[in-house]
Asker: 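Structure in structure tokens, see below.
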Amino acid sequence: MTDDIALFAALSDDINPTYLDPDFARHTAQHKVIAHGMWAAALVSAVLGTRLPGPGTVYFGQTLTFERSVRVDDTLTVLVSCAAKGVDGTASFDCL
């Protein structure tokens, strides 16, 4: 995951040392390097665009709540369920 964090930092230009510098991060509330919250959110986008509902999906919006930090050794589990289907081919998903 460390490589993913560095790549996301480079792509987003968010080079906050909390995400990249273990010495700096040691003195933060998390005491360790953490991942960007938006990187975790991007993983949800990847699920929607590649698996459920799949290729061709256009992402219109997302409401996020960050409940805790993602640390380098964490395993993330994302639960995605279809909450509603529109007659126009749109759908809404609940992601946890």
Side-chain angles (χ1 to χ4, degrees):
M1 183 189 305
T2 306
D3 290 343
D4 292 337
I5 293 170
L7 183 57
F8 191 87
L11 290 172
S12 67
D13 203 28
D14 184 352
I15 55 170
N16 180 334
T18 301
Y19 307 130
L20 302 169
D21 182 345
D23 291 328
F24 181 91
R26 195 168 315 148
H27 302 288
T28 66
Q30 293 79 22
H31 305 292
K32 289 185 175 183
V33 167
I34 59 171
H36 300 74
M38 294 308 295
W39 172 75
L43 296 176
V44 173
S45 178
V47 169
L48 296 175
T50 63
R51 311 240 178 195
L52 177 70
T57 298
V58 177
Y59 202 120
F60 290 114
Q62 181 175 349
T63 302
L64 297 169
T65 303
F66 299 106
E67 306 230 350
R68 56 183 74 91
S69 299
V70 175
R71 295 178 185 228
V72 171
D73 294 329
D74 286 349
T75 298
L76 303 180
T77 301
V78 178
L79 305 174
V80 179
S81 60
C82 184
K85 291 182 183 179
V87 293
D88 60 353
T90 61
S92 296
F93 293 88
D94 287 330
C95 303
L96 178 65

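Every heavy atom of this structure was used, including side-chain atoms; hydrogens, water molecules and symmetry mates were not. Note that the coordinates shown come from a computational prediction; the quantities given were computed from them, not determined experimentally.
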Asker: Atom CD1 of Ile5 and atom CH2 of Trp39: how far apart are they, to the nearest 0.5 Å?
Answerer: 6.5 Å

Asker: With rounding to the nearest 0.5 Å, note down the distance linking CG in Asp21 to CD1 in Ile15.
Answerer: 11.5 Å

Asker: To the nearest 0.5 Å, tell me how far Arg71 CZ sits from His31 NE2.
Answerer: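 The CZ atom of Arg71 sits 7.5 Å away from the NE2 atom of His31.
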
Asker: Partners of Ala91 by side chain to side chain contact (heavy atoms under 4.5 Å, CB included), sequence neighbours excluded?
Answerer: Cys82, Phe93

Asker: Around Arg51, counting heavy atoms of other residues, nucleotides and ligands shown, do more than 12 lie under 6.0 Å from its CZ?
Answerer: no

Asker: Between atom NE2 of His36 and atom CG of Leu11, what is the distance when rounded to the nearest 0.5 Å?
Answerer: 10.0 Å

Asker: Checking Val33 against Leu20 for the side-chain contact (heavy atoms from CB on, under 4.5 Å) test, could you report, in this order, the C-alpha distance in whole Å, the side-chain angles of both residues, the deciding distance, and whether it holds?
Answerer: CA-CA 6 Å; Val33 167; Leu20 302 169; over 6 Å; no

Asker: Consider only side-chain heavy atoms of I, L, V, M, F, W and Y, link residues closer than 4.5 Å, and tell whether Tyr19 and Val72 are in one cluster.
Answerer: yes

Asker: Would you find more than 12 non-hydrogen atoms of other residues, nucleotides or ligands less than 6.0 Å from Leu96 atom CG?
Answerer: no

Asker: Any side-chain to backbone donor/acceptor pair from Thr57 onto Leu48? Under 3.5 Å, distance only.
Answerer: yes

Asker: Establish whether Val44 and Phe60 are linked, either directly or via other cluster members, by ILVMFWY side-chain heavy-atom contacts under 4.5 Å.
Answerer: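 Different clusters.
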
Asker: What pairs with Leu64 under side chain to side chain contact (heavy atoms under 4.5 Å, CB included), at least two apart in sequence or on another chain?
Answerer: Met38, Ala41, Gln62, Phe66

Asker: Using a 6.0 Å cut-off, check whether atom CG of Leu52 has over 12 heavy atoms from anything other than its own residue.
Answerer: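 Atom CG in Leu52 is crowded, with more than 12 foreign heavy atoms closer than 6.0 Å.
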
Asker: Hey, does Val80 have a side-chain heavy atom less than 4.5 Å from the side chain of Asp94?
Answerer: no

Asker: Please tell me if the side chains of Leu79 and Thr77 come closer than 4.5 Å, counting only heavy atoms from C-beta onward.
Answerer: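 A side-chain contact exists here, since the closest heavy-atom pair is under 4.5 Å.
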
Asker: Should Asp23 and Arg26 count as an ion pair when the cut-off is N to O under 4.0 Å?
Answerer: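 Answer for the salt bridge query: yes.
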
Asker: So Val78 and Leu43, do their side chains get closer than 4.5 Å, heavy atoms only?
Answerer: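 No, their side chains stay 4.5 Å or more apart.
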
